[in-house]
Every structure is written in C-alpha cells, then in structure tokens.
Enquirer: 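Could you have a look at this structure, given as structure tokens, before my questions?
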Amino acid sequence: MPELPEVETIVRGIRPRLLGRRIRDAEVRWARTLGGLTRPEFDRRVVGATVAAVWRRGKHIAIDLERRGRPAGCLLGHLRMSGRLQVEPRAADPGPYARVRLGLGRGEVLTFVDVRKFGRLRFVADARAALARLGPEPLGPGFTAAWLRRGLRDRRRMLKPLLLDQTFLAGLGNIYVDESLHRARLHPSRRSDSVPAAAAERLWAEIRAVLSEAIEREGSSFDTFYRTPAGRPGSYQASFRVYGRDGDACRACGATIRKLVVGQRGTHVCPRCQRAPRSAIIPAP
DNA sequence: AGCTACTCCTGGTAGC
DNA sequence: TGCTACCAGGAGTAGC
C-alpha cells in the first residue's frame with residue numbers, strides 16, 4: 001500500500017513532468033474519486049489552471065494550481081490502498097481502473113488509476129487547511145526524539161494504532177509501522193506510556209531509518225498495485241524484516257515470525273525480539 | 001480518552 | 001473446473 005516512501009517516490013517522479021503544465025480537460029470515470037465536488041464544479045476549478053508546485057505531506061500528494069500567476073487552489077490526491085498517479089500518453093489504453101484523466105497537452109494525460117476506488121483526487125481551495133490535522137513529518141524537523149518520547153508518554157494507546165494515526169504522525173502505514181517496531185524491538189500492542197525513554201529514542205531513529213532506506217529503494221512492491229512513475233517495482237520489500245514474513249526466521253534472532261491482529265490490522269512480530277512486560281501489553285479482545 | 005465495529009470496493013484465494 | 005464466501009486494507013464515523 002502506498003505509504004510515505006511510495007508517495008515520495010511518485011511525487012519526485014511526476015513533479016518534473018507536471019510543473020508548468022496547463023490542465024486542458026478533465027475526464028471523470030468514477031465521480032466519487034472527486035470526494036464530493038460535482039463534475040461541473042471540479043471542471044470549473046481545475047480546467048485551465050497551471051501546475052505551480054507538486055509536493056507531499058504524509059501520504060497526500062498536493063498539486064498546487066495557479067491562474068494568471070496567482071494561486072488557484074490545489075489538487076489533493078490520496079492513493080489509499082490501490083491508487084496510482086501517472087503521466088502517460090493520451091493514446092495509451094487507460095485500462096478499466098482509470099478513474100480520472102486530466103489532459104496536459106502535448107498528447108499527455110495525468111491518470112488517476114485505482115482498482116479499489118478508495119483513493120481520492122480532490123480539489124481544495126486551501127491545501128494547508130485541508131492538511132492541518134496531520135501530525136509532524138517523520139523526516140522533518142518537527143519530529144524529534146524528545147517529541148516522540150513525550151508523545152508516547154502522554155497517551156495510553158497501543159503503539160501500533162498510535163503510529164498509524166495520521167493526526168499523531170503523518171505518513172506511516174501498516175508495513176513501515178511493523179518494520180519500525182521490530183527494529184526498535186517494541187511490541188505493537190504495548191501501551192505507549194510504558195515505553196522507556198531509551199526505547200522511544202530507538203523507535204524515533206528506526207522510523208527515520210526505515211523510511212529513508214525505503215525512499216532510497218523507491219518504496220516496496222509485493223503485488224501489482226505499486227509501481228514507480230518509471231513503471232518499475234520498488235525494491236524495499238527485499239529488506240523487510242517482518243512484514244509478510246510470518247513463518248520465516250527472524251533475521252535478527254532466528255525465531256519464527258508470527259502474524260497477529262492488533263487494532264484490527266494484520267501485524268507481524270518476532271516473538272523473541274519484541275517482548276514486553278505482561279502488564280504493558282494491551283490484551284486482544 | 002481510547003477502544004471496537006462498520007463503511008467503502010475489488011481481486012484474490014480458501015474451501016468445497 | 002467452477003462456484004461461493006470471505007478477506008485485506010487507510011481513514012472516517014458512530015457508539016460505547
């Protein structure tokens with residue numbers, strides 16, 4: 001599923017192909033992808049505008065628009081589970097899962113492809129306001145070891161659901177949470193306020209390391225959904241230590257990786273590396 | 001405050 | 001082989 005590293009890879013790939021381009025037309029094949037705006041309203045806001053900037057915040061893709069050199073709102077994309085955003089020749093067969101296509105001139109289109117229809121490509125007048133509820137960027141200056149230590153201490157939630165909560169920290173999903181927790185040797189069901197300072201600091205460092213390495217590898221591909229803008233699979237899946245490895249040996253200690261459910265989410269742990277005091281584990285229902 | 005359950009969707013797969 | 005039933009999975013919302 002596209003998480004921060006995959007979204008970052010996509011943004012880096014499409015940015016040079018979108019900057020300065022004018023949106024000539026919009027073809028909407030699945031209206032819900034627009035997230036509420038009617039097609040005529042979406043058309044009115046988007047067609048004729050020029051792309052001024054392309055950036056990422058958490059798992060969101062922001063495409064700033066302008067008209068006559070003045071800011072004119074933003075296309076805010078979220079790929080959810082199966083979304084893809086790609087610049088391609090208009091003549092290319094969009095396939096059955098293309099939900100929105102935006103004409104860019106020069107025979108090119110920006111296509112939002114999404115098998116499961118959970119993704120969104122919304123027009124918003126003010127992107128910063130739309131993203132205001134998100135927590136800090138894990139690779140940005142606002143995410144410090146001290147901030148995380150305090151954030152864990154001040155809540156009484158299971159670590160995994162807390163790290164998945166985008167209003168706490170923006171950009172982590174199921175894969176990179178499991179990987180980060182394993183590398184920090186912390187159990188996903190552990191109560192956040194039971195984590196000692198040293199372990200919180202470890203978690204901070206591992207979250208940043210996992211995300212940085214995954215960006216270097218252009219994200220993770222293990223099904224047909226995620227591809228880089230160049231059409232290649234990412235390669236970080238080869239570095240997974242726990243995700244999708246249930247039944248295999250832990251690369252750190254040799255114990256068998258287990259799959260369990262934490263907060264209704266499939267979760268991968270090494271039962272030896274990720275132990276915690278019984279009192280600190282929030283029991284499954 | 002923080003949990004579970006439910007919703008949105010479809011392709012893939014387990015089970016028969 | 002062909003069928004059905006169920007599941008995964010981000011995020012929002014409702015209810016406890």
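Order of the sequence lines fixes the chain letters, A, B, ..., with proteins taken first and strands second; residue numbering starts at 1 for each chain.
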Enquirer: Out of C:dG9, B:dC3, B:dG2, which nucleotide sits closest to the side chain of A:M158?
Expert: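 Of C:dG9, B:dC3, B:dG2, B:dC3 is nearest to the side chain of A:M158.
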Enquirer: Phosphate oxygens OP1/OP2 of C:dA8: is one of them under 4.0 Å from a side-chain N or O of A:Y243?
Expert: no
Enquirer: For the residue pair A:S194 and A:R190, confirm or rule out a side-chain donor-acceptor distance under 3.5 Å.
Expert: yes
Enquirer: Side-chain donor-acceptor pair under 3.5 Å between A:E218 and A:T9, yes or no?
Expert: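 Note: A:E218 and A:T9 side chains miss the donor-acceptor criterion.
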Enquirer: In whole Å, what is the span from the CD1 atom of A:I281 to the P atom of B:dC3?
Expert: 13 Å
Enquirer: Write down the distance between CG (A:D114) and P (C:dG9), rounded to a whole number of angstrom.
Expert: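 Checked: the CG to P distance equals 16 Å.
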Enquirer: For A:F123, which of A:L65, A:D43, A:L34, A:L76 qualifies under side chain to side chain contact (heavy atoms under 4.5 Å, CB included)?
Expert: A:L65
Enquirer: Taking all heavy atoms of A:P2 and all of A:L79, pick out the closest pair and write down the distance.
Expert: CG-CB, 3.8 Å
Enquirer: In terms of side-chain geometry, is the basic nitrogen of A:R45 or A:E41 positioned less than 4.0 Å from the acidic oxygen of its partner?
Expert: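 A salt bridge links A:R45 with A:E41.
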Enquirer: Side chain of A:R156: nearest nucleotide among B:dG2, C:dA11, B:dG11?
Expert: B:dG2
Enquirer: Atom CD1 of A:I282 and atom C1' of B:dA1: how far apart are they, to the nearest Å?
Expert: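 Spelled out: CD1 on A:I282 to C1' on B:dA1 is 12 Å.
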Enquirer: Whole Å only: how far is the CG atom of A:L162 from the P atom of C:dG10?
Expert: 16 Å
Enquirer: Without decimals, in angstroms, what is the distance between A:R116 CZ and C:dA8 P?
Expert: 11 Å
Enquirer: Rounded to the nearest angstrom, tell me the gap between atom CD in A:E3 and atom C1' in C:dG10.
Expert: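 Taking CD of A:E3 and C1' of C:dG10, I get 10 Å after rounding.
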Enquirer: The side chain of A:R32 lies closest to which of these nucleotides: C:dG10, B:dC9, B:dT10?
Expert: B:dC9
Enquirer: At under 4.0 Å, does any side-chain N or O of A:K117 touch on OP1 or OP2 of B:dT10?
Expert: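 Yes.
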Enquirer: Quick one: label A:R157 by what it contacts on the DNA or RNA (base, sugar-phosphate, nothing), any heavy atom closer than 4.0 Å.
Expert: sugar-phosphate
Enquirer: Going by the angle between their ring planes, with limits at 30° and 60°, are A:F240 and A:Y176 parallel, tilted or perpendicular?
Expert: perpendicular
Enquirer: Can you figure out which of B:dG2, C:dG9, C:dG10 approaches the side chain of A:R80 most closely?
Expert: C:dG10
Enquirer: How many whole angstroms separate atom CZ of A:R265 from atom P of C:dG10?
Expert: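 In whole Å, C:dG10 P lies 5 Å from A:R265 CZ.
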Enquirer: Are A:H78 and C:dG10 close enough that a side-chain N or O sits under 4.0 Å from OP1 or OP2?
Expert: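 Checking C:dG10 against A:H78, no side-chain N or O comes under 4.0 Å of OP1 or OP2.
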Enquirer: Side chain of A:K59 only, heavy atoms from C-beta on: which candidate in C:dA11, C:dG9, B:dC9 is closest?
Expert: C:dA11
Enquirer: Check the distance between B:dG2's P and A:K160's NZ and give it to me in whole angstrom.
Expert: 19 Å
Enquirer: Just to confirm, is there a sub-4.0 Å distance from OP1 or OP2 of B:dG11 to any side-chain nitrogen or oxygen of A:Y97?
Expert: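 Checking A:Y97 against B:dG11: at least one side-chain N or O falls below 4.0 Å of OP1 or OP2.
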Enquirer: Among residues 165-178 of chain A, which contact DNA chain B at a heavy-atom distance under 4.0 Å?
Expert: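 Nucleic-acid contacts, sorted: none.
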Enquirer: Does the Lys NZ or Arg CZ of A:R128 fall within the cation-pi geometry relative to A:W55 - under 6.0 Å from the ring centre and within 45° of the axis?
Expert: yes
Enquirer: Check this for me: does any side-chain nitrogen of one of A:R202 and A:E206 sit under 4.0 Å from a carboxylate oxygen of the other?
Expert: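 Result for this pair is no, no salt bridge flagged.
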